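Both counts, for ligands and for their atoms, begin at 1 and track the order of listing. Since this is a predicted model, take the numbers as computed values, not measurements.
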Amino acid sequence: MGHSNTLTELMLSIATGEVRVVDLTQPLEPKTPVLQLPAEFAQATPFEIGTLSEYDDRGPAWYWNWFKCSEHTGTHFDAPIHWVTGKDHENNATDTIPVENFIGPACVLDAAAEATADPDFLVTIDYIKAWEEKHGRIPARSWVLFRTDWSKRTDPEAYLNMHDDGAHTPGWAPDTIPFLAEERDILGVGVETVGTDAGQAGTFDPAYPCHTLMHGANKYGLASLTNLDQLPPTGAIVIAPPLKIVRGSGSPLRVLALAPAK
Ligand code: 23J
Ligand code: MN
């Protein structure tokens, strides 16, 4: 079977529904929740949109908008250059990352029950090894997706879960990141929360371990994903190309998964 046959079959499978296309993206609008950093730091820019014309005297036959937001607003990609530990890597920005790295197999860790019981739930190496006992070793070049059902929190206050001592949202224990980056050589991680690190990760050692160590290893992040409950533990493919912003640290993007029919 030639290589073009594989792609023809893929297109047929999408047409027949044998392969489902799952949208892992949240809607992008002014009310889209953004990360809240400690007050001494610059804050993420919420999504703003305005109309240039709408079939009116500003443009009689056309409708179009302008928009403004930070690179880290809504469902978005984190590039290695985002973090100081990744600033000197080659091909570390949205315009220079090799495009092959935007596509990879999905390994879905289902911690919905754990994160519902404990908003500060952290994935550990033991947790990942138990997952591998059931589903097989995480392949190189995978996207490791952390299902917490956090995207089902449609109230922004519940989603951000900000308290006097900072946000309480699930994430990664620090030692899981070198394990995934070095020992499993993944492409990156994807999460349902507003950022790839746990809400309390500013207090961890190192602070923000997912950002510090994942980008330090020239790997990527995906934040504010949804519909991870629509994916099998293995067997799906993630497609996540960010905008080609020159020297971009990340960008809002559409994230799709190809998954076998249920
Ligand atoms: C800037 C500073 C700290 C963090 C973040 C951004 C993110 O989570 C992000 O969106 O990359 S923790
Ligand atoms: Mn980000």
*Region of Phe41 that comes within reach of ligand 1 [heavy atoms, distance under 4.0 Å]*: neither

*Starting from atom 10 (O) of ligand 1, locate the nearest protein heavy atom and write down its residue, its atom name and how far away it is, to 0.1 Å.*
His76 NE2, 3.1 Å

*Under 3.5 Å, is there a donor-acceptor pair between the side chain of Arg20 and the main chain of Gln230?*
yes

*Say you draw a straight line from CZ of Phe77 to CD of Glu71; how long is it, rounded to the nearest 0.5 Å?*
12.0 Å

*Using modelled atom types only, decide if a donor and an acceptor are shared between the side chain of Gln43 and the backbone of Leu37 within a distance under 3.5 Å.*
yes

_Need the ligand 1 atom indices (1-based, order shown) with element for anything under 4.0 Å from a heavy-atom of Tyr208._
12 (S)

*Does a side chain donor of either His168 or Asn161 reach within less than 3.5 Å of an acceptor in the other side chain?*
no

*Given Trp172, which of Phe179, Phe204, Phe146 fulfils the ring pair (Phe, Tyr, Trp, His ring centres under 6.0 Å) condition?*
Phe146

*His82 backbone or side-chain N/O/S under 2.8 Å from the Mn ion (ligand 2)*: no

*Do any heavy atoms of Leu35 fall under 4.0 Å from ligand 1?*
yes

*Check His76 and report its N/O/S atom nearest to the Mn ion (ligand 2), by atom name.*
NE2

*Backbone of His76 reached by a side-chain donor or acceptor of Ser251 within 3.5 Å*: no

*Looking at atom 2 (C) of ligand 1, what's its closest protein heavy atom, distance included?*
Leu37 CD1, 3.6 Å

*Check: Trp83 N/O within less than 3.5 Å of ligand 1 N/O*: no

*Show which atoms of ligand 1 fall inside a sub-4.0 Å distance from at least one heavy-atom site of His82.*
1 (C), 5 (C), 6 (C), 9 (C), 11 (O)

*May I ask you to check whether Glu71 brings an N, O or S atom to under 2.8 Å from the Mn ion (ligand 2)?*
no

*No-hydrogen, no-angle side-chain donor-acceptor test under 3.5 Å, Thr226 and Ser151*: yes

_Shortest protein heavy-atom distance from atom 9 (C) of ligand 1, along with the residue and atom involved_ = His211 NE2, 3.4 Å

*Decide whether Val238 and Val22 are clustered together by the hydrophobic rule: side chain heavy atoms of Ile, Leu, Val, Met, Phe, Trp, Tyr closer than 4.5 Å, transitively.*
yes

*Would you kindly specify which portion of Asp197 sits under 4.0 Å from ligand 1, judged on non-hydrogen atoms: side chain, backbone, both or neither?*
neither

_Phe77 to ligand 1, any heavy atom closer than 4.0 Å_ = no

*Spacing of Ser224 atom OG and Trp150 atom CH2 [to the nearest 0.5 Å]*: 13.0 Å

*Examine distances only and state if a side-chain atom of Asn92 and a backbone atom of His89 form a donor-acceptor pair shorter than 3.5 Å.*
yes

*For the pair Arg153 (side chain) and Ala158 (backbone), establish whether a donor and an acceptor sit closer than 3.5 Å, ignoring hydrogens and angles.*
yes

*Does His72, backbone or side chain, put an N or O under 3.5 Å from an N or O of ligand 1?*
yes

*Which of the numbered atoms in ligand 1 are below 4.0 angstrom from a heavy atom of Gly195?*
8 (O)

*Specify which N/O/S atom of Asp78 comes nearest to the Mn ion (ligand 2), by atom name.*
OD1

*Could you confirm whether His72 has any N/O/S atom lying under 2.8 Å from the Mn ion (ligand 2)?*
yes

_Enumerated ligand 1 atoms positioned under 4.0 Å from heavy atoms of Asp78_ = 11 (O)

